[in-house]
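Okay, so here's the structure we're looking at.
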Number of protein chains: 2
Amino acid sequence: MALEHAILVSLLEKPGSGYELASRFDRSIGRFWTATHQQIYRVLKRMEADGWITAEEVAQEGRPDKRVYSAAAPGRDALTAWLRAPVEPETVRHELAVRIRGAAFDPAGTAGLAAEVERHRAAHAALLARYLAGERRDFPDPDVLDAAQALQHVVLRGGIEYERMTVAWLDDVLATLRRLG
Amino acid sequence: MALEHAILVSLLEKPGSGYELASRFDRSIGRFWTATHQQIYRVLKRMEADGWITAEEVAQEGRPDKRVYSAAAPGRDALTAWLRAPVEPETVRHELAVRIRGAAFDPAGTAGLAAEVERHRAAHAALLARYLAGERRDFPDPDVLDAAQALQHVVLRGGIEYERMTVAWLDDVLATLRRLG
DNA sequence: TCCTGCTATGCAACTCGTTGCATAGCAACC
DNA sequence: GGTTGCTATGCAACGAGTTGCATAGCAGGA
């Protein structure tokens with residue numbers, strides 16, 4: 001139920017079309033919330049019908065026209081109300097953990113699982129490197145940030161620490177698998 | 001798409017009824033995969049129809065009868081196939097991160113958000129304490145574990161490190177909010 | 001020239017997950 | 001005696017999320 005609110009935050013940071021929002025969700029916002037373009041277009045329609053956002057048709061040359069959305073007052077109010085309501089507990093779903101515990105029932109597949117874990121480790125290490133590069137680029141001087149930037153930075157630091165921890169844990173998993181195999 | 005497989009892992013570790021599975025999902029398995037009893041009952045039916053698991057009616061005294069499920073050969077095969085297939089990338093959804101970034105657009109609500117973050121911090125610290133207690137109880141001597149136990153332990157260590165990291169990050173968030181407010 | 005890929009939006013069908021409700025007997029507490 | 005809570009299973013309805021497909025023009029490479 002938070003996709004609407006993630007979109008509102010993104011549109012308040014900067015107006016954009018459905019397509020642009022989808023690519024933002026593949027980048028920065030995707031760090032903590034994923035969405036496909038189909039979901040985004042559907043929700044944008046509902047939000048426009050509810051008066052949360054307004055759309056403006058923008059003609060373009062050499063590429064299709066687009067509809068640029070901006071957050072409207074009712075949307076801002078809805079976001080504020082949501083921000084102030086208590087948060088539901090998060091549901092964690094870690095598929096790799098299911099697989100690791102399942103490996104006990106497929107000893108012959110341990111080597112394959114280790115290769116999988118290694119692939120994940122590489123992906124998380126690459127993401128960590130991207131986050132760190134983004135941090136150097138966007139926050140070169142962390143002491144002179146305005147409120148919005150300081151909050152973006154602390155969320156990014158969360159992503160960095162998550163990836164760091166995950167890489168270390170996957171190393172632990174690999175060592176454990178090696179001891180068993 | 002992994003609820004079936006999480007259930008298979010759990011039934012291979014120990015047969016059980018839908019109700020028992022639901023409480024396991026509230027405990028150990030819930031660390032990395034959540035499910036409600038309605039979901040579990042529905043999936044159990046489908047799995048039984050597909051021949052992945054078998055059921056046995058068990059009469060009880062002083063409480064309702066139950067259906068105890070066990071993993072069958074086709075289910076084990078399905079699990080093995082799933083374990084050996086490549087893993088899809090995980091989708092992360094961190095609602096609190098959306099809220100933190102949204103706080104830039106509701107300065108008056110910063111104090112309320114800080115209280116929320118503090119509540120989350122307490123919940124994660126409590127979970128960390130529970131994990132550590134469980135580790136001391138279930139793995140007092142980590143050097144003499146069989147394969148299944150070693151894998152359960154490394155998954156638990158992942159949970160512990162995740163909670164540790166989260167508590168530290170929430171402290172960082174609180175410090176950032178205090179600097180702004 | 002054909003194929004791939006990017007911008008840009010959308011429908012239809014399906015599966016997954018959540019919420020509310022229902023039944024039913026027993027035990028414990030106030 | 002009434003309320004709450006636990007074991008045990010389930011239906012129905014809804015909302016969220018995924019997958020496959022479709023359109024359409026332009027740019028760039030093999």
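Note that the coordinates shown come from a computational prediction; the quantities given were computed from them, not determined experimentally. So you know, we letter chains A, B, ... as the sequences are listed, proteins then strands, and number each from 1. Keep in mind that the numbers below use all heavy atoms, side chains included, and drop hydrogens, waters and symmetry copies.
- Between B/Ala150 and A/Leu180 the shortest heavy-atom distance is CB-CD2, 4.3 Å.
- Within the 4.0 Å cut-off from OP1 or OP2 of C/dT7, not a single side-chain nitrogen or oxygen of A/Ser17 is found.
- Only one option out of B/Met165, B/His124, B/Glu118 pairs with B/Leu170 in a side-chain contact (heavy atoms from CB on, under 4.5 Å); it is B/His124.
- Here C/dT7 is the nucleotide among D/dG17, C/dT9, C/dT7 with the atom lying nearest to any side-chain atom of A/Gln60.
- Residues A/Leu128 and A/Phe32 are members of separate hydrophobic clusters, defined by side-chain heavy-atom contacts under 4.5 angstrom among Ile, Leu, Val, Met, Phe, Trp and Tyr.
- Each of B/Arg67, B/Lys66, B/Lys14 was compared with B/Glu20 under the salt bridge (Lys or Arg N to Asp or Glu O under 4.0 Å) criterion, and only B/Lys66 meets it.
- B/Lys66 has no side-chain polar atom (N or O) that falls below the 4.0 Å cut-off from OP1 or OP2 of D/dC6.
- Phosphate contact (OP1/OP2 of C/dC16, side-chain N/O of B/Arg46, threshold under 4.0 Å): present.
- The distance from atom NZ of A/Lys45 to atom P of C/dA8 is 17 Å, rounded to the nearest whole Å.
- The nearest whole Å value for the distance from the CZ atom in B/Arg93 to the C1' atom in C/dC16 is 12 Å.
- An angle of 30°, rounded to 10°, separates the two end axes of the helix from C/dT1-D/dA30 to C/dC30-D/dG1, each defined over five pairs.
- For A/Gln39, no side-chain nitrogen or oxygen approaches OP1 or OP2 of D/dA16 to under 4.0 Å.
- When rounded to the nearest whole Å, the span between OH of B/Tyr69 and P of D/dA8 equals 13 Å.
- Follow the hydrophobic side-chain contacts under 4.5 Å out from A/Leu127 and you reach A/Ile160 in the same cluster.
- Judged purely by atom type and a 3.5 angstrom limit, A/Arg99 uses its side chain to pair as donor or acceptor with the backbone of B/Trp82.
- Here the nucleotide nearest the side chain of B/Leu3, chosen from C/dG17, C/dC6, C/dC16, is C/dG17.
- Between the CD1 atom of B/Ile40 and the P atom of C/dC16 there is a distance of 15 Å, rounded to whole Å.
- In this structure a side-chain-to-backbone donor-acceptor pair under 3.5 Å is present from A/Thr80 to A/Arg76.
- Between the CG atom of A/Leu44 and the C1' atom of D/dG17 there is a distance of 16 Å, rounded to whole Å.
- Phosphate contact (OP1/OP2 of D/dG17, side-chain N/O of A/Thr36, threshold under 4.0 Å): absent.
- One atom, CD1 of B/Ile7, and another, C1' of C/dC16, lie 13 Å apart when rounded to the nearest Å.
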For nucleotides 20-29 of chain C, tabulate all protein N/O to nucleotide N/O atom pairs closer than 3.5 Å, reporting atom names and distance.
{"residue": "C/dG20", "atom": "O6", "partner": "B/Gln38", "partner atom": "NE2", "Å": "3.3"}

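- Atom pair A/Glu56:CD and C/dT9:P shows a separation of 13 Å (rounding to whole Å applied).
- Residue A/Tyr41 has a polar side-chain atom (N or O) positioned under 4.0 Å from OP1 or OP2 of C/dT9.
- In summary, A/Glu135 and A/Arg157 do not engage in a salt bridge, as defined by a charged side-chain N under 4.0 Å from a carboxylate O.
- Base contact: A/Arg42 has a heavy atom under 4.0 Å from a base atom.
- For A/Tyr19, no side-chain nitrogen or oxygen approaches OP1 or OP2 of C/dT9 to under 4.0 Å.
- Neither side chain, A/His5 nor B/Glu95, offers a donor N or O lying under 3.5 Å from an acceptor on the other.
- Ring geometry for B/Phe139 against B/His153 counts as parallel: the plane angle stays under 30°, on a 0 to 90° scale with 60° as the upper cut.
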